[in-house]
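See below for the structure under consideration.
Just so it is clear, the model here is predicted, and its values are computed rather than measured.
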Number of protein chains: 2
Amino acid sequence: MNIKDIAKISGVGISTVSRVLNNSGVVSDATRARVLSVVKQHNYVPNSNARNLKKTQSNTIALMVKGISNPFFANMIKEVERQVHLRGCPLMIQQVEDGVDEIAAAMQLIKEKNLYGVIFMGGTYDHSEEEFRQLGVPFVLTTITTMKEVDPSAFSSVSIDDVTSAYKATSYLISLGHRNICFLARFPFMENTIGNRRLLGYKKALEEHGIEYDPAFVEDCEYAPSFGFAAAKRLLSKNLGVTAMFAASDAIAIGAAKAVLSSGLSIPGDVSIVGFDGIEMAEYYHPSLDTISQPGVEMAHVSVEILFDLIAGETANRHVVFESMLVKRGSSRKVN
Amino acid sequence: MNIKDIAKISGVGISTVSRVLNNSGVVSDATRARVLSVVKQHNYVPNSNARNLKKTQSNTIALMVKGISNPFFANMIKEVERQVHLRGCPLMIQQVEDGVDEIAAAMQLIKEKNLYGVIFMGGTYDHSEEEFRQLGVPFVLTTITTMKEVDPSAFSSVSIDDVTSAYKATSYLISLGHRNICFLARFPFMENTIGNRRLLGYKKALEEHGIEYDPAFVEDCEYAPSFGFAAAKRLLSKNLGVTAMFAASDAIAIGAAKAVLSSGLSIPGDVSIVGFDGIEMAEYYHPSLDTISQPGVEMAHVSVEILFDLIAGETANRHVVFESMLVKRGSSRKVN
DNA sequence: TAACACCATCGAATCGTTTCGATACACATC
DNA sequence: GATGTGTATCGAAACGATTCGATGGTGTTA
């Protein structure tokens, strides 16, 4: 069942059917109605491969994401899918493993599928302006840090201010009287990662309050409970007199909390904890974990919005920086 | 840059380039090398729209899933993506909202994109054998229950035995001496949902041990912490003398645990809790939650395996039922 | 050396759309 | 009646690949 069949059955030309289906050009009401009824009756769906081939452009959006199952990302992905779907476009998801070049992978997909647009989510990108420009289709970087200085006019982005957010969390703990504050995050051997940027905020807060920065208080760990658990255990075993922990993700915080509690210490009695992201599970932890909450759903929403604006012809790239929010629940307390 | 350009630059015919790229037909080693070098040099990627159009088949796999952000699904999706990607195929993800016809949605995608295969994940399907057969491409139902009796030869599936699994959890709690055991799950107004099937196992265990089934002990709630929290609160306020809760998902269990703990009761001191799924967060809850663990990653893996077997021409549909596992951690205790 | 097989390669037709230039008709204008 | 203006429609070319039947060259065999 193809457009030719529909044309024949409807008793019109091929191009008329095409014009009806695409709402392009003029078609008399009678003809339009007749064609549509035939389409419906035969359950005809235009072949997008043929359409895309001819148009040298498809309506497919691709999402390149680092770690689908990260709960914070999973939430954003859900919203991205919803919003993209709402606009009538199919969504392709590709997970970028560590060490693969995200832009190159996207480039391949773009050529192969004549993509409509791309959303990149998560991670640290080590690409030059030139590489971004080569993509040739609209794209948005969501919660991504870049290693190279790239001219802001070359890309759009959606993010929060990691330095400020971490500063906010650390300052909060300091304001409660804590001096021995740990920081748990992932520090790959790269510059300007999320971990590094949050470390900057952590350091800045310490400095401003006259607390000397001690690397022994910082632990490297992946963004998952098991790593947070192990890192916190290591930290506790150093006997540094830690009274507070700031984790660069709620997943880490949950693991760290488990380490604290299972060591016989209490939260927030002995150790205060602040996480990052604002995932639902952290709220339902016991005690409820304080956190720096990112508006993930809105960030996803705006990412798609920007992308479709660009697709619609908008030429100015946008950079939306969302405000993170310190959410106080039950995992921190005042000391001394 | 298309196949014609590559042919011209390489000094060969179009069909020769095609044969080189597809490893079909005979091509002399010299020619092959020359073509490949030109391809590499110009970063040529075949246009899959043209290819799919000609072949009337694409290599795209679609995943139709209910609730991307459910952590158990998120984990499976991650593995599905990995496995599909490993086989060189792009993955399309579509979220099926409540109330939309999954098969019809897939049908549309299949016609539109000439899909290679489809994986359906999660939910309860109310489709006849006829509808399944109409899909016309290989597909697998993963963690899905069906309302209508469908001839097993008409579809492939990957699942666990929900009745037995729930029976296992409930029996465990009974064996610890509990009599007043709640059950928390989602009971939509449909038959044979996961909630209903697990309820069956719950009832069966009660019955076998001479405990009378009381609907007051069963609460309807969505598979998320906030709903688990509310449901457990409702349950506790009934003053039924509950000593144990069995939740149909870890997310529910986490919410329920929070409700218990924040009511001043202890786990497992006052109330024992068993969840379902085996997500990482439940392990790092404090106390670590007992659960019925499903081997999600393997289930995803096998789903993709079955799908590609079918694509490769395997005609026999397979039904793989995985064994769930009772994982005892720290959220249940013996009473009396 | 004629006949034949085999290997490497080529070109044309084809997949199902979109789109542009052409056409055909009706009606108004001079 | 010649010309012009719109409106509704059509057909053919094109998008970039695959694939089949055809072709030409080389080597083998009788």
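Here A:I103 contributes atom CD1 and A:F139 contributes atom CZ; the two are 6.0 Å apart, rounded to the nearest 0.5 Å. Atom-to-atom distance recorded for B:R133:CZ and B:L135:CG is 11.5 Å, nearest 0.5 angstrom. Atom OG of residue B:S58 and atom CG of residue A:N49 lie 6.0 Å apart, to the nearest 0.5 angstrom.
With distances taken from any side-chain atom of A:V12 to the nucleotides C:dT9, D:dC10, C:dG16, the minimum falls on D:dC10. When distances are taken from the side chain of A:T31 to each of D:dT9, C:dG16, D:dA8, the shortest belongs to D:dT9. You'll find that the side chain of B:T16 is closest to C:dC10, out of D:dA17, C:dC10, D:dC10. Listed nucleotides: D:dA13, C:dC15, D:dA17. Nearest to the side chain of B:T56: C:dC15. Nearest to the side chain of A:V27, among C:dT19, D:dT9, C:dG16, sits D:dT9.
Atom CD in B:Q57 sits about 16 Å away from atom C1' in C:dG16, given to the nearest Å. Regarding A:R19, its CZ atom lies at a distance of 7 Å from the P atom of D:dT9, rounded to whole Å. The interatomic distance linking A:K4 (NZ) with C:dC15 (P) rounds to 7 Å, in whole Å. The interatomic distance linking B:R51 (CZ) with D:dC15 (P) rounds to 19 Å, in whole Å. Atoms NZ (A:K113) and P (D:dG16) sit 16 Å apart, rounded to a whole Å. With rounding to whole Å, B:L53 atom CG is found 17 Å from C:dA13 atom P. Rounded to whole angstrom, the span from the CG atom of B:N49 across to the C1' atom of D:dT18 amounts to 15 Å. Between A:L21 atom CG and C:dT19 atom C1' there is a gap of 14 Å when expressed in whole angstrom units.
The phosphate of C:dG16 (OP1 or OP2) has no side-chain N or O of A:N47 nearer than 4.0 angstrom. OP1 or OP2 of D:dA17 has at least one side-chain nitrogen or oxygen of B:Y44 nearer than 4.0 Å.
As judged by a 4.0 angstrom heavy-atom cut-off over every strand, A:N22 is placed among residues touching the sugar-phosphate backbone only. Residue contacts shown for A:S18 include a base, since a base heavy atom lies under 4.0 Å away. If you check every strand for non-hydrogen atoms under 4.0 Å, B:S15 touches a base. When heavy atoms are screened at a 4.0 angstrom cut-off, A:S48 is found touching no nucleic acid atom at all. Heavy atoms of A:I14 sit under 4.0 angstrom from at least one base atom.
Residue B:F120 is tested with B:F132, B:Y125, B:F73 for a ring-ring contact (aromatic ring centres under 6.0 Å, His included); the sole match is B:Y125. Of the residues listed (A:T143, A:L63, A:V158, A:I119), the one engaging A:M76 in a side-chain contact (heavy atoms from CB on, under 4.5 Å) is A:T143, and it is the only one.
Where A:S28 and A:K54 each meet DNA chain D at their nearest nucleotide, the meeting point lying more 5' is that of A:S28.
A salt bridge does not link A:E81 with A:K78: every distance from a Lys NZ or Arg NE/NH1/NH2 to an Asp or Glu carboxylate oxygen is 4.0 Å or more.
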